[in-house]
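Down below is the structure, laid out as C-alpha cells.
Computed from a predicted model, the values in this text were never measured in an experiment.
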Amino acid sequence: MVALHRLQCLLKRAHMLLLCLGIAYLMAGSLLLLQRSSVRVAHSSLTNAPPLSLAAPPVALRTVGLGVRARSRWATVPVSAGGGRQGRVSASRSLGVQHLHRRWFHNLLPEGSEQNLAQHRRHKGTYMGCFLHNASDRALGGTMLYDLRKMTSSLCQDTCSESGYHFAGLEYGAECHCGNRIGSSRAPEEDCSLMCRGERGSPCGGVGRLSIYKVEEQLPGHRKFRNVHYRGCFQLLKSIIGTFPIYSFQPNLTAQSCIETCTDKELPLAVLSRPHCFCTWTSSLFSVNDPFSGQQCVPNQTAAVPFTTHTEQDHYHVYQTPVLDSRCKERMFLPQRSSNLVALSSFPGAGNTWVRHLIELVTGFYTGSFYFDGTLYNRGFKGEKDFWKSGRSICVKTHESGQKEIEMFSSAILLIRNPYRSLMAEFNRKCAGHLGHASDAQWKSKEWPEFVSSYAPWWASHTLSWLKFGKKLLVVHYEELQNMLIPQLRLILSFLNTTVNEERLLCAQSNQDGHFKRSQQPFFDPFTPDMKRMIDACIHDVDQALQSRNFSGLPQEYLPR
C-alpha cells in the first residue's frame with residue numbers, strides 16, 4: 001500500500017510539472033507570436049498578405065491640434081486627436097513600441113543581412129541617410145505619393161526625378177516624399193528600419209523618419225518631367241513681374257530651361273519672355289485674365305537688352321511646372337466629428353474620384369467612401385479606410401440609389417455627367433482599372449451591349465431617386481465643373497459650409513488633374529442606334545425631373561444625339 005501511495009504522489013507531481021511546463025510553453029509561444037505579428041505589421045513587405053490585410057501606417061501626429069493623419073477602420077485603441085499631453089504620450093509610446101519591434105526584428109535577421117541592406121541602399125542614386133520628418137521638422141517639402149502595396153526605392157526616385165526633384169525620401173515603408181533641399185537634421189540610422197512594401201532589403205524610413213536618396217543626376221535639358229502644362233500667353237505689368245521671387249537672365253533661354261530653373265526652386269509657375277525667366281506662385285493673375293494667343297508672346301527685343309527697358313506691359317508665356325503647390329498639399333480628417341453626413345453621390349463613371357480630389361484640395365479635409373477601394377487608398381485617399389459614418393470626412397462617396405441609403409445622409413452633392421461619357425468611363429474602369437482603357441476586342445464583345453442595357457437605366461434611376469428622396473441637394477454637372485472650375489468649386493464650398501480659401505482655390509486650379517485622370521482616349525462611337533434611342537429616353541426623363549424640382553436642366557450637349 002505504501003509503495004502504491006508513493007507512486008500516486010509521484011504521478012500527481014509529474015502531472016503538475018507537465019501542466020506547468022505546458023502553460024509556460026504556451027505563454028512563451030504566444031509572446032513570440034505577438035512579437036512576430038508586430039514585426040509583420042511594421043515590415044509587411046516580408047509577407048504576401050492581400051491588400052485588405054495591410055495595416056494602416058503607424059499613427060503619428062503630423063499637425064499639432066489638427067487630428068490624426070490616418071487610422072485603420074479596424075483600429076480599436078482610441079488616439080487623442082489633439083496636440084495635448086495625452087496625444088504626445090500616445091505618439092511617444094507608439095514610437096517606443098516601434099523601436100522595440102525594430103530591435104527585435106534585427107536580432108532575428110540572419111548574419112550578413114546588414115551588409116545586404118547597405119548594398120540595397122546604394123542600388124540606385126545616392127543614399128543620404130535617415131532624417132527627421134514630423135510636424136516641426138520637415139525633411140522634404142515637395143510632392144508626396146502613396147503606394148501601400150508595391151512602394152520601392154526605385155519607384156520613389158523615378159517619380160521624384162520625373163517631378164523635377166533632386167531628393168527622394170521614403171517613410172512608413174509606403175510613402176514617397178520629394179524635394180530639392182533637406183530641411184531637417186539627421187536621425188539615428190536605426191530609426192529608418194522599416195522595409196519597403198514592394199521590395200526586400202531596402203530601407204523605407206520609419207515613424208516620422210525619412211530614408212533619403214539623392215536621385216541620379218541628369219544633364220540640363222534632358223530631365224524628363226511629367227505634369228508640365230502650358231497655361232497660356234499673358235499680358236503682365238512690369239511692376240508685377242518685378243515682385244516675382246526668382247528671376248534669371250538666360251541668353252539662350254528655352255521653355256525647358258526656364259521650367260527646370262523654376263522646378264529647382266520648387267515654384268509651380270515658370271513665366272518667360274526671352275531672355276527673361278521668372279518663377280512664382282500660382283495667383284489670380286493667371287486665372288482671372290484670359291490668355292492671349294501665343295503669337296503675341298513672340299520676343300520683341302534682343303537678348304542684349306536688359307529687362308529694365310521693357311515697356312509697362314509685356315506678354316509672357318506661362319508654364320505649370322511639375323512642382324505641387326504646397327498650399328493645398330496638407331490634408332487631415334475633420335478636427336471635430338460632424339453629425340451631418342454629406343454624400344458625394346454619382347453614377348459610376350461620372351468623375352466622383354476627380355471631384356473628391358478637388359474637394360480635398362480646396363478644403364484640406366479627407367473625403368470618405370461608402371465602400372473600400374484599396375487602389376484609391378494606396379494612392380492617397382486616406383478616407384477610404386475610415387468608417388463612412390464616423391463623421392470625420394468632409395463628404396462621403398456613394399453610388400447607392402435606394403431610399404434607405406439616400407435617407408441616411410443629411411444632404412448630398414449630386415454629380416451628373418453625360419451618360420454617353422459615363423458609360424464609356426465605367427466600362428473602361430471595369431475592364432482596365434482607374435487609368436486604363438478597354439481593348440478593341442472588349443468594345444466589340446457581347447459584354448458591351450449587355451453593359452449598356454443594364455447600366456443606362458441605372459444612370460437615370462440613380463438621379464431620379466436622389467431627386468425624390470434626397471433631403472438637401474446641390475446638383476453639379478461634370479461638364480460645367482470642367483469649363484468653370486473656380487465658380488463651381490465656390491458653390492461646392494458654400495454648400496459644405498466651408499470657408500473659402502483663395503490660395504487653395506488657385507492651388508486646386510493648378511493641380512486639378514491629380515493622379516487619377518485617365519489619359520484622353522481617341523473619340524469613337526461604340527453606341528448603336530438602338531443604344532442611342534434608349535439612352536436619349538433616359539436623358540429626357542432626367543432633364544424633366546430636374547426642371548420639375550427647380551434645378552437647371554441637363555446641359556444642351558446631352559441632347560440630342
Side-chain angles (χ1 to χ4, degrees), residues 343-358 369-371 373 375-376 397-402 405-406 412-468 475-483 513-514 516-546 551-561:
L344 176 60
S345 177
S346 73
F347 174 77
N352 199 300
T353 300
W354 177 56
V355 177
R356 288 178 66 186
H357 164 72
L358 293 173
S369 178
F370 190 77
Y371 320 97
D373 189 326
T375 302
L376 294 179
K397 163 191 173 178
T398 181
H399 298 311
E400 302 300 312
S401 55
E405 288 80 9
I406 292 174
I413 299 169
L414 180 58
L415 177 64
I416 304 175
R417 185 183 185 185
N418 188 320
Y420 288 94
R421 295 294 188 184
S422 293
L423 290 169
M424 292 180 69
E426 179 60 8
F427 190 70
N428 278 323
R429 187 196 68 80
K430 282 183 172 294
C431 294
H434 286 281
L435 299 178
H437 295 282
S439 65
D440 289 341
Q442 289 169 321
W443 287 111
K444 295 174 182 177
S445 71
K446 65 178 183 179
E447 295 177 6
W448 169 240
E450 291 175 354
F451 174 86
V452 173
S453 65
S454 61
Y455 273 65
W458 180 19
W459 176 87
S461 64
H462 177 273
T463 299
L464 296 176
S465 296
W466 279 91
L467 290 174
K468 182 177 180 180
V475 176
V476 175
H477 297 290
Y478 176 90
E479 293 77 13
E480 293 180 355
L481 189 61
Q482 277 187 316
N483 298 329
D513 288 350
F516 275 93
K517 186 176 178 64
R518 185 179 281 109
S519 61
Q520 199 69 27
Q521 186 177 22
F523 179 76
F524 66 101
D525 192 351
F527 299 96
T528 65
D530 288 341
M531 292 179 186
K532 292 180 180 180
R533 280 191 290 272
M534 177 177 60
I535 296 172
D536 286 346
C538 294
I539 291 174
H540 180 269
D541 292 342
V542 170
D543 186 62
Q544 292 296 314
L546 285 169
F551 292 107
S552 60
L554 294 174
Q556 287 298 313
E557 67 181 77
Y558 291 23
L559 286 168
R561 285 291 291 190

Do the ring planes of Phe427 and Trp443 sit parallel (below 30°), tilted (30 to 60°) or perpendicular (above 60°)?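 It falls in the tilted class, 30° to 60°.
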Verdict with reasoning, Met534 to Val452, per side-chain contact (heavy atoms from CB on, under 4.5 Å): CA-CA 9 Å; Met534 177 177 60; Val452 173; 3.8 Å; yes
Rounded to the nearest 0.5 Å, what's the gap from [atom1] on [X] to [atom2] on [Y]? Could you check?
X: Gln482; Y: Arg417; atom1: CD; atom2: CZ; value: 6.5 Å
X: Asp543; Y: Asp536; atom1: CG; atom2: CG; value: 11.5 Å
X: Ile539; Y: Thr463; atom1: CD1; atom2: OG1; value: 11.0 Å
X: His477; Y: Glu557; atom1: NE2; atom2: CD; value: 10.5 Å
X: His357; Y: Leu376; atom1: NE2; atom2: CG; value: 12.5 Å

Kindly say whether Leu344 contributes a backbone atom to a donor-acceptor pair with the side chain of Asn352 at under 3.5 angstrom?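 Yes, the answer is positive, given that a donor and an acceptor are paired below the 3.5 Å cut-off.
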Minimum heavy-atom distance between [X] and [Y], given as atom pair plus value:
X: Ile535; Y: Ala456; result: CG1-CB, 4.0 Å
X: Cys538; Y: Ala460; result: CB-CB, 3.8 Å
X: Leu464; Y: Val542; result: CD2-CA, 4.3 Å

Full working for side-chain contact (heavy atoms from CB on, under 4.5 Å) between Val355 and Ile413: CA-CA 10 Å; Val355 177; Ile413 299 169; 5.7 Å; no
With [X], which residues qualify under side-chain hydrogen bond (donor to acceptor under 3.5 Å, both in side chains), at least two apart?
X: Asp530; result: Arg533
X: Thr398; result: none
X: Arg356; result: Thr367, Glu384
X: Glu479; result: Tyr558

For residues Leu358 and Leu481, determine if any side-chain heavy atom of one lies less than 4.5 Å from a side-chain heavy atom of the other. yes
So Phe370 and His399, side-chain contact (heavy atoms from CB on, under 4.5 Å) or not? Walk me through it. CA-CA 8 Å; Phe370 190 77; His399 298 311; over 6 Å; no
For Ile416 and Leu546, run side-chain contact (heavy atoms from CB on, under 4.5 Å): C-alpha distance rounded to whole Å, both residues' side-chain angles, the deciding distance at 0.1 Å, then the answer. CA-CA 11 Å; Ile416 304 175; Leu546 285 169; 4.2 Å; yes
Quickly, which of Ser401, Ser346, Ser345 forms a side chain to side chain donor-acceptor pair (under 3.5 Å) with His462? Name it, please.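 Answer after filtering Ser401, Ser346, Ser345: Ser345.
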Between Trp459, Phe527, Tyr478, Tyr455, which is the residue that forms a ring pair (Phe, Tyr, Trp, His ring centres under 6.0 Å) with Tyr420? Phe527
Those residues that, when tested against Ile406, pass side chain to side chain contact (heavy atoms under 4.5 Å, CB included) (two or more places apart):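 Ser465, Trp466, Phe469.
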Just list the side-chain donor-acceptor pairs under 3.5 Å for residues 444-451, sequence neighbours left out, or say none.
residue	atom	partner	partner atom	Å
Ser445	OG	Gln442	O	2.8
Ser445	OG	Glu447	N	3.3
Trp448	NE1	Pro526	O	2.9

